[in-house]
Amino acid sequence: MRLPATVGPQAVSEAGRVRVLFSDLLGLSHGKVVPTDLADHPTHYAMTVMVQGLDLEFIESPGYATEAGYPDMEARVVSGTERPGWRAGADETVAIAELYHSDGRPFALDGRQALRRAAEAWTARGLQPRCGFEMEFYLLAGPTPADGPLDVPWHRVYGTGPGADPSGLLEEILDRTERSGLHTHGVNGEFHAAQAEAALHHLPAVDAADAAFLFKDLVRETAIERGAGVTFMGRPFADRIGNGLHLNLSASSEGGANAFDDPADPEGISALCRHAVAGLLDRHESLTAVFAPTVNSYKRLQPRLLSGYWATWGLDNRIATVRIPGQRAEATRIEHRTPDGTANPYLALTAMLAAAMDGIEREADLPDPQTGDGDARPVSDRHTPHSLSDALDAFEKDLVLRAALGDDLCDAFVAIKRQEVERWDRAVTDWEQAEYGRVY
């Protein structure tokens, strides 16, 4: 593999090794570290075909795992995704891989390939989807959320320096993202103490998901090196707001203009943009399974938490789920506020592109926008499901999302998540013990 001379403005050295990474269905990274001169040989880092949940139990998805005899799959480096690594003192390059069977067939559970197909559906209409992720996370006092949030005595919303993070971790994260070509618009303190946000640059859809996927690993690993911790959980603390992973979408026409912008429209947005928003609202319930994929996610999806609960859209209104920010011309875009930090960037963006394109193809009608306090007076009575189980029910019935993601991927994703729900249903929490144990 010939490493490119640059990734963005940052030079890439001929590193001694390549860290080959790919995402599983949960959005977690896997891969191998291989010598640079062997990176062109996918069989050197062949992987076992298997479907696992967080408990490491195998999910018996047809054609995978035990039934298939755990055959090999290959992680093949995608040319052009190589970039400088971020680990302190590590002479390595990081590269993204896509997954294939040993006979060369694309691996159906690869979310990156599903996203490529969804983006190609836009390209076929002369549109180039461009996306940006806003990543929220909490800085922790120790390795896990059980250690509590980092103490930030000088906290303020949009704080910087000690007002966001007296430990200096955020500034180190920013430095490493720049060196690795994972460029952000900056980092800052968010609403509650110890919460931070980083907005990644708008990029073509697949590149944007790659950046979000790698950013989460960079943040975690930087914290680990410092003996600290971070969490992207949807709602890690009951007394604080949750972590969003807001998805921003625009589309360039063949001439390069923003296809969502229309200066002649009273609100400055095009008919194409309106149809796309309508498509997202039409699939509000089923999208939630991919946008909010954990049991904990539904502690965040509640009114008054600015989390994308109601099936509403609005003009520069953060209480609406689908927001059209106030900027126009090249900055005209759709922001979806339901996803949280546990969402798989590839699956979430695939689902968003598919739902928006379905609205465009149907020329779906857009209801009136939400104005004012959308929690006190929502213009829609539809909202996100109240549990992961209910969201999965809606997701399984959605033929548009199934077609975009593929049958095998959908079935495996649902199987993993159903097993997760079953484990939650059997769990006994410290709240239950404290609430009931003292009197019963």
Side-chain angles (χ1 to χ4, degrees), residues 19-31 47 50-56 59 61 75 78 81 94 96-99 107-116 118 131-138 145 182 198 200 203 205-221 223 230-236 242-247 287-298 300-301 336 338-354 388 391-392 395 401 404-406 408-421:
R19 190 178 178 193
V20 181
L21 297 176
F22 62 90
S23 173
D24 67 9
L25 294 179
L26 303 175
L28 305 178
S29 66
H30 303 266
M47 314 288 181
M50 58 186 179
V51 180
Q52 284 184 307
L54 289 174
D55 62 346
L56 301 185
I59 308 295
S61 297
V78 179
T81 65
V94 173
I96 296 288
E98 289 186 348
L99 303 177
F107 192 64
L109 306 190
D110 185 354
R112 191 180 193 273
Q113 295 188 60
L115 177 55
R116 277 202 293 108
C131 308
F133 288 76
E134 297 175 52
M135 319 285 287
E136 295 177 350
F137 53 95
Y138 273 96
L182 298 171
L200 305 186
L203 297 167
V206 180
D207 295 338
D210 285 344
F213 167 64
L214 294 176
F215 178 81
K216 291 170 80 172
D217 266 12
L218 182 153
V219 170
R220 291 191 195 96
E221 292 173 8
V230 297
T231 182
F232 291 86
M233 278 178 63
R235 186 88 183 273
N243 289 318
L245 185 140
H246 299 159
L247 296 181
L287 283 167
T288 306
V290 180
F291 287 171
T294 70
V295 168
N296 172 262
S297 297
Y298 297 82
R300 170 180 173 267
L301 289 177
H336 207 300
T338 299
D340 71 35
T342 61
N344 178 323
Y346 298 105
L347 303 190
L349 194 47
T350 299
M352 183 174 182
L353 289 180
L388 177 57
L392 291 170
F395 176 75
L401 298 187
L405 292 163
D408 284 8
L409 190 154
C410 288
D411 291 343
F413 176 80
V414 169
I416 290 171
K417 291 300 168 181
R418 292 288 189 198
Q419 189 179 86
E420 192 174 311
V421 170

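In this structure a side-chain-to-backbone donor-acceptor pair under 3.5 Å is present from R300 to T338. Q113 places a side-chain N or O within donor-acceptor distance of the main-chain N or O of L99, the cut-off being under 3.5 Å. Judged by distance alone, the side chain of K417 and the main-chain N or O of P293 form a donor-acceptor pair under 3.5 Å. Remark: side-chain polar atoms of K216 are paired, donor with acceptor, to backbone N or O of G341 under 3.5 angstrom. For N243 (side chain) and T231 (main-chain N/O), a donor-acceptor pair under 3.5 Å exists by modelled atom type.
Between F395 and F413, the ring planes lie perpendicular to each other; the angle is over 60°, past the 30° to 60° tilted range.
Annotation: the span from H246 atom NE2 to E136 atom CD amounts to 5.0 Å, rounded to 0.5 Å. Atom CG of L109 sits about 8.0 Å away from atom CD1 of I416, to the nearest 0.5 Å. With rounding to the nearest 0.5 angstrom, the CG atom of L245 is 10.0 Å from the CZ atom of F215. From S29, atom OG reaches atom CZ of R220 across 7.0 Å, with rounding to the nearest 0.5 Å. One finds the CG atom of L28 at 7.0 Å from the OG atom of S23 (value rounded to the nearest 0.5 Å).
Of the listed residues (L349, L115, T81, I96), just one forms a side-chain contact (heavy atoms from CB on, under 4.5 Å) with V206, and that residue is L115.
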Test side-chain hydrogen bond (donor to acceptor under 3.5 Å, both in side chains) on D340 and T342 and set out the steps. CA-CA 6 Å; D340 71 35; T342 61; 2.5 Å; yes
Given L392 and R418, is the side-chain contact (heavy atoms from CB on, under 4.5 Å) satisfied, shown in steps? CA-CA 8 Å; L392 291 170; R418 292 288 189 198; 3.7 Å; yes
Using side-chain contact (heavy atoms from CB on, under 4.5 Å), reason through Y138 and V230 one step at a time and then give a plain yes or no. CA-CA 5 Å; Y138 273 96; V230 297; over 6 Å; no
Please determine whether side-chain contact (heavy atoms from CB on, under 4.5 Å) holds for the pair C410 and L401, giving the CA-CA distance in whole Å, both sets of side-chain angles, and the decisive distance to 0.1 Å. CA-CA 9 Å; C410 288; L401 298 187; 5.9 Å; no
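The shortest distance between side-chain heavy atoms of D210 and R112 falls below 4.5 Å. Using a 4.5 Å heavy-atom cutoff, the side chains of S297 and R235 are not in contact.
Side-chain contact of Y346 with D110: a donor-acceptor pair under 3.5 Å is absent, judged by distance alone.
The heavy-atom pair separating A97 from V20 by the smallest distance is CB-CG1, 3.6 Å.
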